[in-house]
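Values below: all heavy atoms of this structure, side chains included; hydrogens, waters and symmetry mates excluded.
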Amino acid sequence: MNIQKKLMILATMLAFLIMLPVARASEEDQATKLTFNKAVQIPGRVLPAGTYWFVLLETNTAPKIVQVLNSDRSTLYATILTNNAERSKSTDNTALTFADRGSMQPETIVTWFYPGYTSGHEFVYSNREEQELAQVKHHTVMAAAGGKHQIQTAVAGD
């Protein structure tokens, strides 16, 4: 009986050690669930109002690759190349910078910063779009949530 107990404890500890890297992977991929109250533009696509996951696909590459998926992660909407973006101070919430391209076009997501990070992701657009985005007003929205990996609401246009 004593040997059986020791084996159970050892098996439990081993299972915990195996699961530990999986538990940390979530922060490495910066998975963020965002809800938009109106349509927003990302490179190559307009996302209708709704809930989406923004997930860092590969952490070891440059440029970084971000995937945008639907609310239950069953449909991939976009795979986006990003450049590194820096800010002076991190925040406790996700920060999105939008470009206001006028009333006839949806606001365009320019950068995405994960909570607690000073390095973020600048979305790569075509040369023509980059020039247009450089000419228009930008504003940053802090998505409100209770913590990391919880649903965060980003209100485009406010």
* **Gln135 versus Gln131, closest heavy-atom pair with distance** => CG-O, 3.2 Å
* For Glu122, check side chain to side chain donor-acceptor pair (under 3.5 Å) against everything at least two apart and list the hits. => none
* Is it the case that Glu129 and Asn127 place a side-chain donor and acceptor less than 3.5 Å from each other? -> no
* Asked: Looking at side-chain heavy atoms only, is the closest gap between Leu69 and Phe54 below 4.5 Å?
  -> no
* Asked: Quick one: does Val46's side chain get under 4.5 Å of Pro106's, heavy atoms only?
  -> yes
* To do: Starting at OG1 of Thr94, measure out to OH of Tyr117 and round the result to the nearest 0.5 Å.
  => 11.5 Å
* Structure fact -> In terms of heavy-atom contacts, Pro115 and Asp92 come closest through CB-O, 3.4 Å
* Asked: Going by heavy atoms in the side chains, are Leu47 and Ile42 under 4.5 Å from each other?
  -> yes
* Structure fact -> Correct closest heavy-atom pair for Ser90 and Gly116 would be CB-C, 3.5 Å
* Answer whether the closest heavy-atom distance between the side chains of Ile109 and Phe123 falls below 4.5 Å. => yes
* Asked: What about Tyr77 and Phe36, same hydrophobic cluster or not, with Ile/Leu/Val/Met/Phe/Trp/Tyr joined at side-chain heavy-atom distances under 4.5 Å?
  -> yes
* Asked: Tell me, do Leu81 and Ile65 make a side-chain contact under 4.5 Å, heavy atoms counted?
  -> yes
* For the student: nearest non-hydrogen atoms of Leu76 and Val68, plus distance -> CD1-O, 3.5 Å
* Side-chain donor-acceptor pair under 3.5 Å between Thr35 and Thr51, yes or no? -> yes
* To do: Establish, from distance only, whether the side-chain atoms of Thr91 and Asn93 form a donor-acceptor pair under 3.5 Å.
  => no
* CD/Gln67 to OG1/Thr79 distance, rounded to the nearest 0.5 angstrom? -> 4.0 Å
* To do: For the residue pair Trp112 and His121, categorise the inter-ring angle as parallel (less than 30°), tilted (30 to 60°) or perpendicular (more than 60°).
  => tilted
* Is there a side-chain contact between Arg87 and Phe113 (heavy atoms, below 4.5 Å)? -> yes
* With side-chain contact (heavy atoms from CB on, under 4.5 Å) as the test, would you mind laying out the steps for Val124 and Asn83 before giving the verdict? => CA-CA 7 Å; Val124 176; Asn83 290 323; 3.6 Å; yes
* Heavy-atom side-chain proximity of Phe98 to His138 below 4.5 angstrom -> no
* **Contact check, side chains of Thr108 and Leu133, non-hydrogen atoms, under 4.5 Å** => yes
* Under the 3.5 angstrom rule, does the side chain of Thr32 hit a backbone N or O of Gln30 as a donor-acceptor pair? -> yes
* Residue among Val110, Leu96, Thr97 satisfying side chain to side chain contact (heavy atoms under 4.5 Å, CB included) with Thr140 -> Thr97
* Would you check, one step at a time, whether the test salt bridge (Lys or Arg N to Asp or Glu O under 4.0 Å) holds for Glu107 with Arg101? => CA-CA 6 Å; Glu107 288 186 295; Arg101 299 171 79 181; over 6 Å; no
* Any donor-acceptor pair under 3.5 Å from Asn70 side chain to Thr75 backbone -> yes
* Asked: Do any N or O atoms from the side chain of Thr118 and from the backbone of Lys89 form a donor-acceptor pair under 3.5 angstrom?
  -> no
